[in-house]
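Have a look at the structure below before the remarks.
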Amino acid sequence: MNSPPSKSEASSGFELLDPRIQRWVWEKGWTGLRDAQERAIRPILAAECDVIIAAATAAGKTEAAFLPALTVIANAGEESGLVIYISPLKALINDQFGRLDQLCDALEVPVIPWHGDVSASRKQKFLKTPRGVLLITPESLEALFVRRGSGVARLFVETTHLIVDELHAFIGSDRGKQMQSLLHRIEVAAERRIPRIGLSATLGDMRLAAEYLRPNGADSVDVIVSDSKSQEFQIQVRGYVVAAPPNNAQPKAAGDNEGELAAQSSVVGHLYKTLCGTNNLVFPNTRSNVEFYTDALRRRCEADGRPAEFWPHHGSLSRELREDTENALKDGSRPATAICTNTLELGIDIGAVKSIAQIGPGPSVASLRQRLGRSGRRPGEPAILRSYAIEHELTQHSDYSDRLREGMVQSVAMIQLLLRGWFEPPNSAGLHLSTLVQQVLSVIAERGGAMAPALFHGLVTEGAFAGLSQAEFAALLRSLAKLDLISQDSTGLLLLGQKGEHFVASYDFYAAFASDDEWQIVCDGRVMGSLPISSPITVGMRIIFGGRRWLVVSVDDEAQVVSVRSDPGGRPPRFDSGRPSVHDMVRKEMRAVLGGTAPVTFLDSIASRLLVEAREQYQMLHLDQRQIIQTGALTNLFTWSGDAENDTLVLLLKGLGVAQADNEGVTVCVTGSELNRILDALLDISQLDNSDLEDLLKDAHNMTRGKWDWALPETLLKKSFVSSHLSFIGARSAAGECLRSFGHG
DNA sequence: GACCTGCTGCGGATTG
């Protein structure tokens, strides 16, 4: 056995832990507590304030929270003390249970995992004596409130700490709002404030995280950031060129062609050559690409007569297939590489991998960072990232996206930002009123009825939905009543309506987020197929479907049907469906990469040549000074702004009567309007007031994103959408900058 | 949103 930690190390917090916990630490062979673990002991034992523990590795963080929290429980006596641990993933609860079981056994503290896969008998045992450690998901907590009603107070009354794992995974989403609301409802049930502990990988903005963990009380949150040594990176961006089709006169067809396949095949060849024999993760961005690359790589293994080393992993695969891949990665006896979506980005323990391959730009810098964190975990090993950029050979028909090498430049910009330690902050301004609808129904179900002022006080004033006025809340209740989700009896008590009863009784009520649903595309009464639609749709807008451009004739939000007719004008843009939203900072960095002259050190020879080409185009188009380029009927606005800013600009332009505007990423493309008309509109936008916003967005449709958005009154739906998806200030300054580059404004 | 995440209680059959 290892010797106990030395006196000097143990002199502070460690000795305050329960002796049985101290013994467990010695038996684990730890030489001492890590910095964050040591610093977390006192504030958690005191149980007076909230704590955030930010540390890079999962291992140290959960123990940092649990060692002192369990000390409190163990000393609370047989009949009391409950720690509630909330996790975004079932897999994490199972991991945590494995880690805590032995320690809690020694402390005679029961640990209860509680999620959809846990047997009812185990849950019954906890309900009989609600003490110990409860490991639970937000959805299961929601179910407890709805199903146990008034009995829920008895369960939570002894709670000493609320621990939220993977805090960053909650902030800024409908589900995150639900979690925040549940934390508050637990405190209401217990009739007192309960110390909250948030765990996370290093968060960018600690203030924001603290504000999320304790709204209106961020100042009193004790933030513990572990000092981790910086990791060594090895990064390469590799360029691949798709040869133009032999007939140069033809505009580029969407979908596969020989050149495209040849480029993909070169990427497969390089992946095969470099990844065989070791464990790696490959991120090709979409589920269909996961299938394509796994298949191609497996066929190479077969051709070489070697056992399969490449395994697929994404959300549409069955649990068995996903587990096969996870086991292959963990196994260790044979090399295994997973081709995956962000299902393998966080949570599940898959051991160390040698390198990460990213095909095309990743969805965000934050995501890239998380992915890279999976590599180089063994001491002395660097984290390796290979980024593959596939670009098209330029022809006379090439668009601005190709000419400026948008995909590759975006990859380069994102890596530059990653190396500087920047990543996208979560959007904490979102109101998430969809979740408020869910919480109204849930609280009414929990209490068997509620008065409107009590709901407003519990959910809005004191709860997670501050920022809504009393009048707006009343409008929301009226909308719910009109839809028969709620009703009111003669005393004014709000009850569930018939439809409300129906929804709340169904088991899919507990999740705050909706599953994917698709819009039907209809032409001349014929259904052509369905499409998940990402950005707001207005009549007169063009959409891409099946590689062709269509004009939207009408929009039916209720039935989710878009009627279109063929629109021969214009060229089809590159992408058939939406792309992940690019942050403003990334587009600004792309401009810096294009406008710069310094060589980028991590490019291979082809990528270097592509960058030289892109920089030449940038200069040739005078984009260092110009932001508006007019060619025939097309006006391109080079806003160098994020997608939220560009989307807002598009909606405002249309609200001001500009015929046609589309966010195409690197530009906002306007057609069918005179330049002067566009300049006037930009001037209007640059001088807009917040109060004009509502009127300008009156023709925008398809703003329902959240599960319950359909039940919101129109004005609140727009308010909620704007708060999460649009950037009014960004659009205003983008309009102003475009004007200034033109010598106006 | 490209990609994710989550889910009760009860009746009936079977087993100890």
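Letters go in sequence order (proteins before strands), and every chain restarts at 1.
Between the CD atom of A:Glu166 and the P atom of B:dC4 there is a distance of 17 Å, given to the nearest Å. At whole-Å resolution of the value, CG in A:Asp117 and P in B:dC7 are 7 Å apart. Going from atom CZ of A:Phe292 over to atom P of B:dA2 covers 21 Å, rounded to whole Å. Rounded to an integer number of Å, the gap from CE of A:Met179 to C1' of B:dG6 is 14 Å. Here the C1' atom of nucleotide B:dG6 and the CZ atom of A:Phe145 are 17 Å apart, to the nearest Å. Between the P atom of B:dC3 and the CD1 atom of A:Ile359 lies a distance of 15 Å, rounded to the nearest Å. Following rounding to the nearest Å, A:Glu406 (CD) and B:dA2 (C1') show an atom-to-atom distance of 14 Å. If you measure from atom CG of A:Leu726 to atom P of B:dG1, you get 13 Å, rounded to the nearest angstrom.
Spacing between B:dT5 and B:dG9 at atom P, rounded to whole Å, works out to 24 Å.
Mapping A:Asn285 and A:Ser140 onto DNA chain B by nearest heavy atom places A:Asn285 at the nucleotide closer to the 5' end.
Side chain A:Asn342 to base B:dC3: a donor-acceptor pair is found below 3.5 Å.
The nucleotide whose nearest atom lies closest to any side-chain atom of A:Pro580 is, among B:dA2, B:dG9, B:dG6, B:dA2. Of the candidates B:dT5, B:dG6, B:dG1, B:dT5 carries the atom nearest the A:Arg322 side chain, counting heavy atoms from C-beta on. In this structure, of B:dC3, B:dG1, B:dT5, it is B:dT5 that holds the atom nearest to the side chain of A:Thr343. Distance from the side chain of A:Arg147 is smallest for B:dG9 among the nucleotides B:dT5, B:dG9, B:dG1. Among the nucleotides B:dT8, B:dC7, B:dC4, the one closest to the side chain of A:Glu139 is B:dC7.
In summary, the side chains of A:Gln96 and A:Ser87 do not present any donor paired with an acceptor at a separation below 3.5 Å, with no hydrogens or angles considered. Side-chain atoms of A:Glu645 and A:Thr639 include no donor-acceptor pair closer than 3.5 Å. Side-chain atoms of A:Ser723 and A:Ser720 form no donor-acceptor pair, as typed in the model, at a separation below 3.5 Å.
Not one N or O on the side chain of A:Lys654 forms a donor-acceptor pair closer than 3.5 Å with the backbone of A:Ala661. A donor-acceptor distance shorter than 3.5 angstrom exists from the side chain of A:Arg587 to the backbone of A:Ser641, with no hydrogens or angles considered.
Backbone-only engagement by A:Pro88 is indicated by non-hydrogen atom pairs under 4.0 Å involving sugar-phosphate atoms exclusively. Residue A:Lys123 is in sugar-phosphate contact alone, with no base atom involved, counting any heavy-atom pair closer than 4.0 Å across all strands shown. Residue contacts shown for A:Arg371 are absent, as no nucleic acid heavy atom lies under 4.0 Å away.
Shown here for A:Glu406 and A:Ser401, the closest heavy-atom pair between the two residues is OE1-OG, 2.7 Å. Summarising the geometry of A:Lys177 relative to A:Phe465, their closest heavy-atom pair is CD-CE2, 3.8 Å, with the distance given to 0.1 Å.
The aromatic ring centres of A:Trp114 and A:Phe97 sit 6.0 Å or more apart. When ring centroids are compared, A:Trp708 and A:His432 stay outside the 6.0 Å threshold.
The side chain to side chain donor-acceptor pair (under 3.5 Å) test applied to A:Asn285 returns A:Gln358, not counting sequence neighbours.
A sub-4.0 Å separation between OP1 or OP2 of B:dG1 and a side-chain N or O of A:Ser581 is absent.
At a non-hydrogen distance threshold of 4.0 Å, A:Tyr507, A:Asp508, A:Tyr510, A:Ala511, A:Phe513 from residues 502-513 of chain A come into contact with DNA chain B.
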Would you tabulate the pairs of protein nitrogen or oxygen atoms and nucleotide nitrogen or oxygen atoms of nucleotides 10-16 of chain B closer than 3.5 angstrom?
none

